[in-house]
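Structure record follows, encoded as structure tokens.
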There are 2 protein chains.
Amino acid sequence: MKVLIIEDDPLHRSYLNEAIRAALPECNGVLEAENGGTGERLARDWKSAHIVMDLQMGQRNGIEAARTIWKERPETRILFWSNYSDEAYVRGVSRIVPAGAVYGYVLKSASDDRLKLALRSIFIESQCVIDREVRGMQQKSLGNTNGFTEAEYEILVDIALGLTDRAIAQRRNLSVRSVQNRLQQLYVKLGVYQPAGSQDDDSRFNLRARAVAVAFLRKLLNHNALERAEADLSAWLVRQPHNRA
Amino acid sequence: MKVLIIEDDPLHRSYLNEAIRAALPECNGVLEAENGGTGERLARDWKSAHIVMDLQMGQRNGIEAARTIWKERPETRILFWSNYSDEAYVRGVSRIVPAGAVYGYVLKSASDDRLKLALRSIFIESQCVIDREVRGMQQKSLGNTNGFTEAEYEILVDIALGLTDRAIAQRRNLSVRSVQNRLQQLYVKLGVYQPAGSQDDDSRFNLRARAVAVAFLRKLLNHNALERAEADLSAWLVRQPHNRA
DNA sequence: ATTTTTTCTGCGGGATCCCGCAATGTCTCA
DNA sequence: TGAGACATTGCGGGATCCCGCAGAAAAAAT
């Protein structure tokens with residue numbers, strides 16, 4: 001068995017290396033990559049089916065890398081080892097995991113033993129391991145009470161990118177009014193609203209901008225999610241017919 | 001001499017501890033804190049004048065901690081040891097460093113030697129040490145060509161928080177029109193604009209929201225900056241007279 | 001198959017935003 | 001002191017956003 005490490009922090013990388021050798025004596029080869037790009041390449045060349053990776057890397061972040069790796073070899077087993085359990089990350093991961101794939105998500109704050117146990121569970125016993133905390137986030141996210149629909153999340157991303165109602169309507173094949181409806185739902189769920197008085201009172205929020213702000217504060221969005229969304233958007237833009245008058 | 005470490009990652013913490021003992025043999029005491037809050041407390045109780053800290057910690061982030069520490073003892077020497085040279089961090093730090101204070105900013109990606117050298121320079125020779133890359137960011141930020149005025153940055157934060165023009169005007173003691181002027185400057189500098197045609201063409205951006213998006217993408221803003229801004233905002237809100245009709 | 005619920009859609013209006021035009025105020029520099 | 005550069009403010013209008021109302025369409029439940 002061979003294991004590939006994708007992690008940009010040297011300290012964490014060598015720590016992982018040690019942990020893998022200790023937890024998996026049957027492992028006879030550990031390779032390290034320090035960013036998503038070379039990680040993808042090594043995974044391809046090395047045909048390694050066992051990967052431990054960090055999300056949040058400078059170059060080409062983890063989710064991107066995982067997506068392309070899984071696209072080429074859906075049976076690859078990936079253990080995500082991350083600092084955060086932001087909803088944006090959790091959602092990002094569960095969005096790309098192929099049906100039936102074996103994977104894991106453990107936090108860097110977890111104990112030594114937990115990490116090693118996860119390594120064995122995933123790579124030897126083909127069993128998914130999701131950290132308690134992450135799992136909690138996942139359920140809060142999916143359970144629609146206080147959680148966000150795919151549609152709501154989608155429109156949240158769209159306004160975070162700065163699209164107008166009309167642009168969103170085109171992109172999502174909706175009428176402008178429907179877009180506005182969804183926005184309204186979103187505002188309710190995020191708890192943003194006008195403080196009553198309509199014309200004379202003091203400080204008030206721009207709902208659209210405020211929604212993005214609280215989404216960021218609640219870690220529903222983060223830098224990576226925005227970057228991915230931006231990439232998707234520009235891919236869509238070039239595909240669009242450039243309507244000139 | 002005693003040194004206080006404020007860093008939430010255990011691996012990095014012990015690495016730092018080692019580096020300090022190696023670089024500063026005259027040091028006779030190293031204390032560790034794993035978040036900003038306890039870091040502040042230890043700095044106060046221990047009267048330590050030498051601190052190495054991470055920005056970006058889960059609890060109470062580094063900039064907050066540094067601010068309160070420097071407020072109590074402006075002569076404290078702080079070495080910021082961070083993963084990133086985001087403009088948001090760099091600006092955040094230079095905003096709070098007291099006049100004449102000795103401090104440093106080195107990236108975690110720097111070599112062992114560079115870190116040790118920085119430790120000696122700051123704690124022994126009373127000399128500021130700013131990583132080349134960070135310095136570059138600082139200058140790009142301050143040199144007004146392609147850099148942002150304090151005013152522009154301020155209004156950027158305000159719209160990122162979701163305030164309306166009127167609210168911003170009140171908060172910053174400006175007329176609504178002036179706020180809009182500044183917004184326009186901001187849009188120009190960020191390179192956001194309407195793609196010409198006014199009524200019929202295809203995808204267009206909501207300038208206000210788009211500005212926030214590109215600011216995030218360019219790392220002019222990040223989560224910490226937003227959190228701090230949000231805290232400032234709510235502090236200002238309670239201080240405001242609640243104008244009822 | 002019919003009712004119930006949810007979503008999509010158009011219309012319309014008030015509030016907000018974006019911004020050109022122009023007058024005034026402030027600062028600098030010669 | 002006066003000229004020029006720049007920020008501030010008001011006015012006005014077109015575009016966009018926010019959202020109530022209500023009918024049409026789709027999905028879910030009985």
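Note that this is a predicted model, so its numbers are computed, not measured. Letters go in sequence order (proteins before strands), and every chain restarts at 1.
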For the residue pair A:Phe123 and A:His50, does the interplanar ring angle fall in the parallel (under 30°), tilted (30 to 60°) or perpendicular (over 60°) class?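 Judged by the thresholds at 30° and 60°, the geometry between A:Phe123 and A:His50 is perpendicular.
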
Which nucleotide in the set [options] lies at the smallest distance from any side-chain heavy atom of [X]?
X	options	result
B:Arg204	C:dC19, C:dG10, D:dT16	D:dT16
B:Tyr187	C:dC18, D:dC18, D:dC21	C:dC18
B:Leu207	C:dC8, D:dC18, C:dC19	C:dC19
B:Ser175	D:dT9, C:dC19, D:dC17	D:dT9
A:Asp165	D:dT16, C:dC8, D:dC17	D:dC17

A:Arg77 versus A:Ser126, side-chain donor and acceptor atoms under 3.5 Å: yes

I need the B:Asn35 CG to B:Asp54 CG distance, nearest 0.5 Å.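 If we round to the nearest 0.5 Å, B:Asn35:CG and B:Asp54:CG are 11.5 Å apart.
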
Between B:Tyr89 and B:Tyr105 (judged by ring centroids, cut-off 6.0 Å), do the two rings come close enough to count as a pair? no

Taking atom types as they are modelled, would you say the side chain of B:Arg177 forms a donor-acceptor pair with the base of C:dG20 within the 3.5 Å cutoff? yes

Whole angstroms only, please: what is the [atom1]-[atom2] distance between [X] and [N]?
X	N	atom1	atom2	answer
B:Leu183	C:dG20	CG	P	14 Å
A:Leu186	D:dC18	CG	P	11 Å
A:Leu190	D:dC18	CG	P	13 Å
A:Gln185	D:dC19	CD	P	13 Å
A:Leu174	C:dT9	CG	C1'	10 Å
B:Arg208	D:dC18	CZ	C1'	14 Å
B:Asn181	C:dA23	CG	C1'	13 Å
B:Asn206	D:dA15	CG	C1'	11 Å

May I ask you to verify if any side-chain N or O of B:Ser178 is less than 4.0 angstrom from the OP1 or OP2 atom of D:dT9? yes

Has B:Gln184 got a side-chain N or O lying under 4.0 Å from the OP1 or OP2 atom of C:dC19?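 Looking at the OP1 and OP2 atoms of C:dC19, one of them is under 4.0 Å from a side-chain N or O of B:Gln184.
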
pair A:Met57-A:Asn224: side-chain heavy atoms closer than 4.5 Å: no

Could you check B:Val176 against A:Val176 and say which one's nearest nucleotide on DNA chain D is further toward the 5' end?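 So the residue in question is B:Val176.
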
Base, sugar-phosphate, or nothing: which does A:Arg182 touch, judged by heavy atoms less than 4.0 Å apart? sugar-phosphate

